[in-house]
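Here the structure comes first, spelled out in structure tokens, and everything after it is commentary.
Chain naming here is simple, since letters A, B, ... match the order of the sequence lines and numbering starts at 1 in each. All values below come from the heavy atoms of this structure, side chains included, with hydrogens, waters and symmetry mates left out. Source: prediction; values computed, not measured.
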Amino acid sequence: MAEVEETLKRIQSQKGVQGIIVVNSEGIPIKTTLDNSSTVQYAGLIHQLVLKARSTIRDIDPQNDLLFLRVRSKKNEIMIAPDKDYFLIVIQNPSA
Amino acid sequence: MEIVHVDTKLRREFGPPALFSDRIEELLLDLHPDPSLAAQFIQKTHRDQAVQACRQMSEHQINTERFQSNSCGLNHVEGGWPKDINPNEMEQTIRFRKKVEKDDGYINSILQLGSVMEHRIKQNNSIDIYQQYFDEEEEVEEIQEPPSAKTINVFRDPNELKRTITGLSWHPDGGRKLAAAYSCLEFQKTSRNTSLDSYIWDIENPNHPEVTLKPASLLVCLDYNPKDSHTLVGGCYNGQIAYWDTRKGSQPVEYSSMEHSHRDPVYKIIWLQSKTGTDAFSASTDGQILWWDVRKLSEPTERLVLDPSREGNLDRALGAISLEFEATMPTKFMVGTEQGLVVSCNRKAKTPAEKIVCTYDGHHGPIYALQRNPFFPKNFLTVGDWTARIWSEDIKESSIMWSKYQMSYLMDACWSPVRPSIFFTVKMDGMLDIWDILFKQSDPTLSLKVCDKPLYSLRVQDNGRLVACGSQSGEATLLEICSGLSTLQKNEKSLVAAMFERETKREKILEARQREIRLKERSRSEQSKDDETGREDDEEDSEQLIAKVESDFYSLVEAEFRRRQRREETPQVRR
């Protein structure tokens with residue numbers, strides 16, 4: 001439990017990190033550092049994106065699986081690390 | 001019980017036996033079809049009709065009832081909460097969250113994901129993998145397409161008796177029109193029926209010339225006034241100069257007077273740069289260069305006799321075939337002669353003797369074309385006999401660069417106005433050659449067969465893309481050069497400048513060496529002459545020998561030194 005906190009705190013302290021969200025497989029945000037409305041929005045939208053990405057990879061090659069997803073936009077980068085039951089979303093602005 | 005029906009007939013009631021016999025046939029009725037009735041019927045086309053013995057079936061199409069479907073996005077507001085938890089209740093959600101956080105799987109998962117994520121974050125922080133590389137570099141290497149040129153239009157002489165196109169001139173504004181001078185330069189080949197007309201063509205319309213120019217005698221050359229695009233000046237076969245204004249019609253506005261004109265066909269006429277914009281000068285094989293003011297063509301304003309001995313003697317004058325004038329150097333001009341010499345003249349000289357500055361001897365035959373490089377006016381191109389030569393003004397002994405002896409006579413040449421390293425030549429076998437001296441000096445970069453007849457004249461339009469060449473059969477062909485040959489490349493000017501300099505230097509060194517050898521020869525012959533005019537042999541011999549050995553030694557050392565210097569210098573030029 002404490003390690004989880006520590007890990008998340010460490011990530012938060014990295015340069016440019018704007019927010020972290022942990023979402024479970026049903027799309028419920030478990031842990032977040034952003035405000036509720038943004039969290040809910042991110043969780044819902046990204047959940048669908050990850051499912052789509054994962055299914056794409058597996059459709060092309062069933063032996064393959066999605067490891068990591070980066071979505072680079074003009075203002076920042078959204079990084080998503082998917083797992084079996086949860087995913088970790090970090091929003092970072094590397095130049096800031 | 002069976003019911004039986006019996007028919008009986010007595011024998012005597014049968015009648016006589018039937019006796020059959022043959023009889024010749026008899027035509028009772030022959031009914032022919034009445035052809036007049038056939039007119040009442042329309043003959044139908046034969047038709048193939050397939051017949052099949054099967055059940056009759058039919059085809060129908062039906063449409064189902066329209067099903068309206070609508071695409072819309074669904075915002076996942078708050079999802080996936082298990083049934084018993086009300087998402088709006090803070091307490092319940094917090095409780096749920098806390099429960100999840102205690103889950104083992106969650107902890108492991110987060111730890112693992114966290115490390116992965118941290119690695120990526122650090123990556124992002126260290127390098128921006130999305131930065132724009134190579135922002136400043138525009139397309140680095142253009143794909144080198146092979147050089148090409150294609151014919152756009154062919155303008156044919158509308159007359160029956162075809163004449164050669166001996167002169168071409170582009171319209172100065174934008175080059176939408178091409179003026180062509182038609183004449184027959186072969187001695188006494190013109191028949192009575194040969195039309196005297198020359199034409200101005202609009203390049204879009206090859207069927208019909210836009211303007212017809214009607215001189216009194218065949219036009220050998222013509223030139224558009226660069227300042228006033230409506231006026232042209234032309235030189236005739238009988239030596240007169242004619243001045244046209246296209247707004248005033250086909251007849252020339254004025255002719256020069258017969259007494260004061262040339263005595264031979266006027267081979268070249270060019271407009272000059274002057275404040276009034278009405279000066280032109282002309283050259284002819286009678287050895288004279290005449291300056292004219294087109295407002296008063298009765299008499300030339302100035303006259304120059306091309307006598308190499310500078311005495312103004314018309315009998316010894318060289319016949320002029322081509323003229324060269326560059327607007328940037330208004331006082332100097334050059335004349336190409338029939339004898340193969342290029343004479344460089346200065347208009348502003350005080351005495352006629354000083355007008356002829358120097359001569360360049362290089363060709364075996366008449367110099368048909370002469371033009372300065374528009375980017376490097378010190379270098380000029382001459383074409384005559386079977387070669388094309390590039391000269392530098394400073395080197396008078398020989399040309400600095402020359403082409404191989406070609407298979408047929410070169411008739412005309414000009415530099416490309418946009419690229420300093422490209423020039424065009426036309427030959428008697430109907431070929432147009434495009435030379436790029438930066439690419440290849442030994443052969444033309446592109447050789448095109450324009451037509452089967454010899455090509456006599458060539459002009460490039462000012463934008464460098466369109467080239468017009470005129471043939472012996474009166475056809476003017478308009479070609480478009482590919483963009484690779486008509487766009488200025490990077491560093492081209494400096495490379496061409498370096499090349500010209502290098503060649504000039506080489507010639508200079510060779511010239512110096514030649515001079516040296518000549519001097520030595522002269523001094524040696526003088527010395528030997530002195531010998532014979534009575535001096536004691538032995539002593540003088542040994543003294544002479546020593547002197548000779550000394551001079552030889554010194555000259556060898558100097559030659560070696562100079563050779564080393566040249567070797568040092570040429571790599572510098574190349575850099």
Does any backbone or side-chain atom of [X] lie under 4.5 Å from a heavy atom of chain B? Answer side chain, backbone, both or neither.
X: A/F87; result: backbone
X: A/V22; result: side chain
X: A/L8; result: side chain

Distance from [X] atom [atom1] to [Y] atom [atom2], nearest 0.5 Å?
X: A/T32; Y: B/R97; atom1: OG1; atom2: CZ; value: 8.5 Å
X: A/I28; Y: B/F96; atom1: CD1; atom2: CZ; value: 4.0 Å
X: B/E118; Y: A/R10; atom1: CD; atom2: CZ; value: 4.0 Å
X: B/I121; Y: A/K15; atom1: CD1; atom2: NZ; value: 12.5 Å
X: A/K84; Y: B/N108; atom1: NZ; atom2: CG; value: 11.5 Å

- Among A/V17, A/L88, A/I80, which has the most heavy-atom pairs under 4.5 Å with chain B?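 The option with the most such pairs is A/L88.
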Taking all atoms of both residues into account, what is the closest heavy-atom pair of [X] and [Y], and its distance?
X: A/T7; Y: B/G114; answer: CG2-CA, 3.8 Å
X: B/D103; Y: A/Y86; answer: OD2-OH, 3.5 Å
X: A/M79; Y: B/R120; answer: SD-CB, 3.9 Å
X: A/V4; Y: B/L111; answer: N-CD2, 4.2 Å

- Query: Under 4.5 Å between any side-chain heavy atoms of B/H119 and A/F68, yes or no?
  - Reply: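 In short, these two side chains do not touch, never coming nearer than 4.5 Å.
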- Could you please spell out the steps behind the side-chain contact (heavy atoms from CB on, under 4.5 Å) verdict for B/M117 and A/Q14? CA-CA 11 Å; B/M117 183 61 83; A/Q14 295 282 355; over 6 Å; no
